[in-house]
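Here is the structure we will look at, set down as structure tokens.
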Amino acid sequence: MITPEGLEDQLLGIVVAKERPELEEEKTQLILQSADNKKRLKEIEDQILQILSSAEGNILENETAIEVLSSSKVLSVELFDKQRIAEETERKIDETRESNSIVMSNKSILLYYSLYCNVCRSLFEKDKLLFSFLLCAAILKNHKDLDEPEFLQLMTGGIGLGGPALPNPDPSVISDKAWAELGRLSDLPAFKGLLQEFKVSEWKHLMDTNDLHDIQFPGRWGSLNEFQRLLIVRALRSEKMVPCLQDFVKVKLGHKFIEPPTFDLAGSYEDSNNRSPLIFILSPGVDPMAQLLKFADDKGFGGQKCQSISLGQGQGPIAAAMIRDAQKGGTWVVLQNCHLAVSWLGTLEKIVDDMSSGTSLHKDFRLWLTSYPSPKFPSSILQMGVKMTNEPPKGIKANILKSYLSDPISDEKFFAACKKPAEWEKLLFGLCTFHAIVQERRNFGPLGWNIPYEFNESDLRISMRQLQMFLDEYAEIPFKALVYLTGECNYGGRVTDDWDRRTLLNLLSTYYCAAVVDDNNYKFSPSGVYFAPAKGKYENYLEYIRGLPLNQSPEVFGIHDNGDIARQLAETRQLFESILKTQENSSGGGQGGQKSSDEILIEVSTDILNRMPAAFNLESAIKQYPVNYNESMNTVLIQEMIRFNKLIQVVLVSLANVQKAIKGLVVLSAELEEVCKSLLVGRVPAMWASKSYPSLKPLAGYIADLVTRLKFFQTWLEQGSPKVFWMSGFFFTQSFITATLQNYARRYTIPIDELGLDFEVLAISTSDVPPQDGVYVSGLFLEGARWVREKGLLGESMSKVLYDQMPIIWFKPIRIADIKTQGTYTCPVYKTSARRGVLSTTGHSTNFVIPIRLPTDKPEKHWIMRGLAALLQLDD
């Protein structure tokens, strides 16, 4: 395991070897001598024990034993003296090494400085700021300039389950989540009185501005240091945390730490040797082989001197033979797609280990590996190798430009080969724009795609060749066939989610349609920035592409401007989750009068235990709500109670065991240790999540939500079936929907497979009476649009308002044949904002619930492009 002390010693060795090489050489020799002395002493001890154990009779009469013991005594005294002298000399050398003031000022942190460029070349873009910030935080901690509780507050938003002491002064301006976080922040010494002194009018400028750089905080809060300012920003404007962290790192370390060096293959090669593999960590849309082969040519290793093989079934022995030949002949070997040869990775690990352990290798030999990130990839190879990442260009402009500069479009013969040049060039540009859109749409998370598909250059290449072929062979452009091949087969072949397939085909209809060819004023988006240029030369297209905006607006994707806020919030959440993962092995607090980890665990677990109700009395509930042919909801209630009882049991038992473990009454198992770590960072423990309904909430929000769900069912148990069902509260929502249809089917003697649901959004938020048929439901939130209550229609989201709570919706059973879809948008309902789910053993998705139809005065395509969906719970 790498430790700060070990890094310090390595750094001292490097510096002293440069400044006082003779001293470092003496240090090395003493270490070797000390190890040899200890080894010989151990051999003497073993020899004495062997003689004593095998001697027979009186050992004083055994002359051989006496001679061995006497000589061993003399030798051991001599070795002890040598060891004492060596240790004394080593101590003096260490004092000289430690006297290096530059090294001692930063110790292992300085080593991070020197390795910064090397580390960055092996990180994906999303992790480079993470590394810079961790480096910055480590330096500040080393200088005692960073308060540990404040650092934990930034990572977690504070650990606490109760609400703030004062009510939210203006929920229309400050969300309840932000106000609760301000309440936890005011518990820190530097922020005492923040909640009491908070005036919305004084802070509104911070919540409205898009540029938080150098913004003034009101009153005495203007004197907060740079790190403390981040805590305020996290609470009030968490979507702005990434640029604010960049500014923070720039202030503390310098501008170069937020602008890492560009990819440098030659530099990576210079840092390698014949015993260390060079590893390309792949990302979608990038194939490093062309660049590597060109580099091999430049270095004189082209042709037969650089052999490559794509790993897969049965390719392992061939690859091993290639490596053996290259090690003798001094050539290069490239093993592509190592992640596909999981069963052979153990053999590869042995080959790389042998390379580093003295095997005779030609000095020019190099082993190159390519692999997508994989948990199966041996960590020892990563530790010994030179790692590199090279990601695709970001943005619509860079993506389209890359397509036009790459084969086959860059081939003049291919570009000019079509028999319908005007139609070909316009549709080709539309296809390349579509390719960029489907890739860049991933940046918007679930608003873009439920599942982030790895569309790549091969999808584009086959689609453009098919486009050229169809244009050449048909008099009229067969748009239906083109859309099917491109949308359903080439790109659609990767799409596994039906709602994503709907999105893909609607996106493609913007770029593959007659208007692209026939209408010279046709634009790809309302802004008019993106369109297919009129027929021209290849160079004209490059000129147009280079004139496109560097950063695109969400409107080109069909997404509302709020999509940028959602994207920024997702980046913030991902960054802090990654930082927390790196801090899991850090020791607990307890310094400077702050609470220790054990005290926090006792406090949090006690708070949860006090808030959690006892398990439901199932025996009593079954008597009160027996199985009833005419009331399927009785069965739903009992099933829900059974599921929640299992969850309650896990929560209560694990928290009780945490408290016992702290007191030393039970052993702290691995599962229990994970519970403790999760509680300390405000995260739902994995042990609970395995028995829980899907939830993305932090610990405080999760407990509040769980208690509310339990109260809902307790009220149902005590007062009878609800007039309005809180749809968010169900563990298994599909059973509730099935029961609704079942009750109607049995009441009117209609086969249930002939029934569906119609949906009417009411203008009320509560009801004292249930409907005659069907159910009233509440608890749904729209993401990507809002419900315009005055018109009873879907409308555009308000600026900076990401979610809109729906009024009561009447779920009305109806014959499927009578369902009308005209003038509606079919809106998927999900349990969480992640949207992505997996099929459970019941055949249902773990996240998707049901589609509902909502009235709209806009084309359905508009809302599909918006990524509009309904959610049963938010992430707060």
Side-chain angles (χ1 to χ4, degrees), residues 284-285 392-406 408-409 415 418 423-444 447-449 451-471 477-495 497 499-519 522-533 541 544-545 548-549 552-559 563 861-862 864-867:
K394 303 294 183 184
I396 298 294
K397 173 183 175 178
N399 207 304
I400 299 175
L401 185 61
K402 180 173 181 283
S403 297
Y404 268 76
L405 292 175
S406 303
I409 303 180
F415 185 76
C418 188
E423 294 88 343
W424 157 248
E425 290 177 21
K426 282 208 164 192
L427 289 173
L428 175 64
F429 190 87
L431 177 61
C432 291
T433 307
F434 167 75
H435 178 72
I437 291 290
V438 297
Q439 288 188 308
E440 295 297 318
R441 198 176 164 95
R442 287 183 303 215
N443 295 329
F444 294 93
L447 274 176
W449 301 107
I451 299 170
Y453 304 101
E454 295 182 358
F455 302 114
N456 60 37
E457 301 304 314
S458 64
D459 304 324
L460 176 63
R461 281 195 292 269
I462 186 63
S463 297
M464 65 176 65
R465 292 187 185 278
Q466 288 172 345
L467 171 62
Q468 191 178 81
M469 180 184 71
F470 274 82
L471 289 177
I477 303 174
F479 282 109
K480 190 173 182 181
L482 285 171
V483 167
Y484 180 81
L485 285 172
T486 304
E488 295 282 4
C489 302
N490 302 337
Y491 287 85
R494 299 182 184 277
V495 177
D497 183 279
W499 301 101
D500 283 341
R501 185 176 298 276
R502 180 179 74 161
T503 301
L504 182 77
L505 293 173
N506 276 271
L507 282 170
L508 184 58
S509 69
T510 301
Y511 305 95
Y512 262 9
C513 62
V516 174
V517 175
D518 301 334
D519 185 357
Y522 182 78
K523 311 296 183 185
F524 293 146
S525 68
S527 69
V529 173
Y530 299 88
F531 56 89
Y541 287 94
Y544 167 74
I545 296 167
L548 291 173
Q552 63 278 344
S553 165
E555 63 91 28
V556 70
F557 302 96
I559 293 174
K861 178 180 176 180
H862 176 82
I864 292 172
M865 304 276 274
R866 284 282 192 259

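Values below: every heavy atom of this structure, side chains too, minus hydrogens, waters and symmetry copies.
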Considering non-hydrogen atoms only, spot the tightest contact between [X] and [Y] and give its length.
X: Ile559; Y: Leu447; value: CD1-O, 4.3 Å
X: Ala481; Y: Phe470; value: CB-CE2, 3.7 Å
X: Ala436; Y: Ile400; value: CB-CG1, 3.9 Å
X: Pro526; Y: Glu555; value: CD-OE1, 3.2 Å
X: Asn456; Y: Gln439; value: CA-NE2, 4.2 Å

Just by distance, do the side chain of [X] and the backbone of [Y] share a donor-acceptor pair under 3.5 Å?
X: Arg494; Y: Tyr491; answer: no
X: Glu440; Y: Ile396; answer: no
X: Asn506; Y: Thr503; answer: no
X: Arg461; Y: Pro408; answer: no
X: Trp449; Y: Val438; answer: yes

Evaluate the side-chain proximity of [Y] to [X]: yes if any heavy-atom separation is below 4.5 Å, no if none is.
X: Leu460; Y: Ser403; value: yes
X: Leu428; Y: Phe415; value: yes
X: Ser463; Y: Leu485; value: no
X: Thr510; Y: Lys861; value: yes
X: Ile437; Y: Val556; value: yes

Can you list the residues that meet the side chain to side chain donor-acceptor pair (under 3.5 Å) rule with [X], with sequence neighbours excluded?
X: Glu425; answer: Tyr541
X: Lys397; answer: none
X: Tyr544; answer: none

* Under the side-chain contact (heavy atoms from CB on, under 4.5 Å) rule, what do Ile545 and Cys432 come out as? Steps first, then yes or no, please. => CA-CA 11 Å; Ile545 296 167; Cys432 291; over 6 Å; no
Looking at residues at least two apart in the chain, or sitting in another chain, which of them share a salt bridge (Lys or Arg N to Asp or Glu O under 4.0 Å) with [X]?
X: Asp500; result: none
X: Arg866; result: Glu796
X: Glu488; result: Arg501

Between atom [atom1] of [X] and atom [atom2] of [Y], what is the distance when rounded to the nearest 0.5 Å?
X: Leu471; Y: Met469; atom1: CG; atom2: CE; answer: 10.0 Å
X: Asp459; Y: His435; atom1: CG; atom2: NE2; answer: 7.0 Å
X: Cys513; Y: Phe479; atom1: SG; atom2: CZ; answer: 6.5 Å
X: Asp519; Y: Lys426; atom1: CG; atom2: NZ; answer: 7.5 Å
X: Thr486; Y: Leu504; atom1: OG1; atom2: CG; answer: 9.5 Å
X: Gln468; Y: Glu423; atom1: CD; atom2: CD; answer: 13.0 Å

* Please work out whether the ring planes of Phe455 and Tyr453 are parallel, tilted or perpendicular, with thresholds of 30° and 60°. => tilted
* **Side-chain H-bond candidate by donor/acceptor type, Gln466 with Asn490, under 3.5 Å** =>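 A pair is found: one side chain offers a donor N or O, the other an acceptor, under 3.5 Å apart.
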* Asked: Among Phe524, Tyr530, Phe429, which one satisfies ring-ring contact (aromatic ring centres under 6.0 Å, His included) with Tyr511?
  ->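 So, applying the ring-ring contact (aromatic ring centres under 6.0 Å, His included) to Tyr511 and each of Phe524, Tyr530, Phe429, only Phe524 qualifies.
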* To do: Please report the C-alpha distance between Ile477 and Leu427 in whole Å, then the side-chain angles of each, then the deciding distance to 0.1 Å, and finally whether the side-chain contact (heavy atoms from CB on, under 4.5 Å) criterion is met.
  => CA-CA 10 Å; Ile477 303 174; Leu427 289 173; 4.1 Å; yes
